[in-house]
Amino acid sequence: MNLNLPFLNKFKNNKDEKSLLTLILGSGSPRRKEILSKLGIPFTVDPSKFDETILNKNNANVADYVRRNAIEKSLEVYCRRKKENIEKDKNIIVVGADTVVSCQNKILGKPNSIEDAKATLKNLRGQNHSVYTGVSILFPLKDSNIIKNEGKNAIFNLKKLISKSQKDSTHDSKKRKIEDNLLSIKIERLPFEKSYSKHSSFVTLQDISSLDKNTNIDDIIIISFVEETQVTFSSEEEAFSDEVIDAYVATREPMDKAGSYGYQGLSAFFIEKINGCYYNVVGFPAHRFFSTLKQLLN
């Protein structure tokens, strides 16, 4: 059972012609693959080869860290496939993501050992902590409607997304929390194969007139956002005792997961409540991605 929506149909093959867009998921996560599959659109899984250890997570702002990781992951996939000149990537859109668990402003990675996993879970017991997922969406600037492209209809409605993001950032700005700004959508431009940290620049409505005149067809548009979900583990001794934690770790389910737990698995029995998107905790914020993609392609 699939959603029959015009913007999703751009990814589907018709009887007489190929699909308008090729979607690449730059992640090998089976959970992200499963969530994205729910949209009923074809996509290719191409795990990013970006080395996450390059970015220092110590003392880093958590939202900035996951956003940057997601961007770098998708950039590696995008640039590699473009250099390989894969024919089916004619109209390409690459999606990258990164998820971390944070408690008391400390990023909790995957456990180094069984004892590390146990210690992490005991520390989370009865506490609120946050799960952050950064998501990036990459595509060629030449396929957007902010530049003139004679004889070809634009695929990406970037003007609409820029307008909405600027409106959201200025609306009631005095009352907006710093955290809201850190999680908000960002739209950037990057020359092909250039360093993101040195050469990326924000795109605003005021820039559009100059983009028409100074456009490199190989430039990349990067759309990124961060989603946060607050999670509370049980504080009840019986529900999440040391015995329960030992038994959970013995299943080895926590050993390949950030924060030493997976909500979609056995840890669901120990989580008291969440505030935010469930799928974000699993690894991919379904609602936020769907909303952003619809605005971009409608």
Candidates T44, V94, L36 - the one meeting side-chain contact (heavy atoms from CB on, under 4.5 Å) with L23: L36
Between V77 and F50, is there a side-chain heavy-atom distance shorter than 4.5 Å? no
Give the intermediate values and the outcome of side chain to side chain contact (heavy atoms under 4.5 Å, CB included) for residues V101 and S260. CA-CA 9 Å; V101 176; S260 301; over 6 Å; no
Can you tell me how far the OG1 atom of T232 sits from the NZ atom of K273, to the nearest 0.5 Å? 5.0 Å
Calculate, to the nearest 0.5 Å, the distance between atoms OG and CZ belonging to S27 and R32 respectively. 4.0 Å
Can you check whether C79 reaches F192 side chain to side chain, under 4.5 Å on heavy atoms? yes
For the side chain of K73 and the backbone of A97, is there at least one donor-acceptor N/O pair under 3.5 Å apart? yes
Side-chain heavy-atom pair D219, L190 within 4.5 angstrom cut-off: no
Is it the case that atom CG in N105 sees more than 12 heavy atoms from other parts of the structure closer than 6.0 Å? no
Decide, yes or no, whether a salt bridge links E253 with K257 under the criterion of side-chain N to carboxylate O below 4.0 Å. no
Counting only heavy atoms not in K10, do more than 12 fall under 6.0 Å of its NZ? yes
Exercise: do E228 and S130 side chains pair donor with acceptor under 3.5 Å: yes
Any F11 side-chain heavy atom under 4.5 Å of L293 side chain: yes
Taking atom types as modelled, find out whether T133 and T99 have a side-chain donor-acceptor pair closer than 3.5 angstrom. yes
Do side-chain atoms of T120 reach the backbone of G259 as a donor and acceptor pair under 3.5 angstrom? no
Does any N or O in the side chain of E76 come within less than 3.5 Å of the main-chain N or O of K49, such that one atom is a donor and the other an acceptor? yes
Heavy atoms of M255 and A117 approach each other most closely as SD-CB, 4.1 Å
Approximate separation, where rounding is to 0.5 Å, of L20 CG and F7 CZ: 13.5 Å
Working to the nearest 0.5 angstrom, can you tell me the gap between E72 CD and S136 OG? 9.5 Å
Are more than 12 heavy atoms, taken from residues, nucleotides or ligands other than K122, located less than 6.0 Å from that residue's NZ atom? yes
Smallest heavy-atom separation, L8 atom then L39 atom, equals CD1-O, 4.2 Å
Does F233 form a side chain to side chain contact (heavy atoms under 4.5 Å, CB included) with Y261? I'd like the steps, not just the answer. CA-CA 11 Å; F233 268 96; Y261 74 92; 3.7 Å; yes
Which heavy atom in Y248 sits nearest to a heavy atom in P254, and how many Å separate them? CE2-CG, 3.4 Å
Spatial distance of atom CZ (R68) from atom CG (N61) [nearest 0.5 Å]: 13.0 Å
Please check this pair: side chain of S291 against backbone of R288, looking for a donor-acceptor N/O pair closer than 3.5 Å. no
Could you go through the side chain to side chain contact (heavy atoms under 4.5 Å, CB included) check for I222 and Y196 one step at a time? CA-CA 10 Å; I222 303 170; Y196 171 76; 3.9 Å; yes
Please check if the side chain of S74 supplies one atom and the backbone of I71 the other of a donor-acceptor pair under 3.5 Å. yes
Taking all non-hydrogen atoms of both residues, which atom of G262 and which atom of S267 are closest, and how far apart? O-OG, 2.6 Å
Does the side chain of V244 come within less than 4.5 Å of F269's, by heavy atoms? no
Identify the two heavy atoms, one from C277 and one from P285, that lie closest to each other, and give their separation to 0.1 Å. SG-CA, 4.1 Å
For a side chain to side chain contact (heavy atoms under 4.5 Å, CB included) check, start with the C-alpha distance between V62 and K106, then their side-chain angles and the critical distance, and finish with the verdict. CA-CA 8 Å; V62 183; K106 180 182 179 182; over 6 Å; no
Would you say I220 and L75 make side-chain contact, with heavy atoms under 4.5 Å? yes
Minimum heavy-atom separation for C103 to H129, with atom names? CB-CB, 4.0 Å
State whether the number of non-hydrogen atoms from other residues, nucleotides or ligands found under 6.0 Å of H287 atom NE2 is greater than 12. no
Determine whether the aromatic ring centres of residues Y279 and F289 are separated by less than 6.0 angstrom. no
For the residue pair D98 and E52, establish whether any side-chain heavy-atom pair is separated by less than 4.5 Å. yes
To the nearest 0.5 angstrom, please state how far the OG atom of S224 sits from the CD atom of E188. 5.5 Å
Mind checking whether S29 and F284 have side chains closer than 4.5 Å, heavy atoms only? no
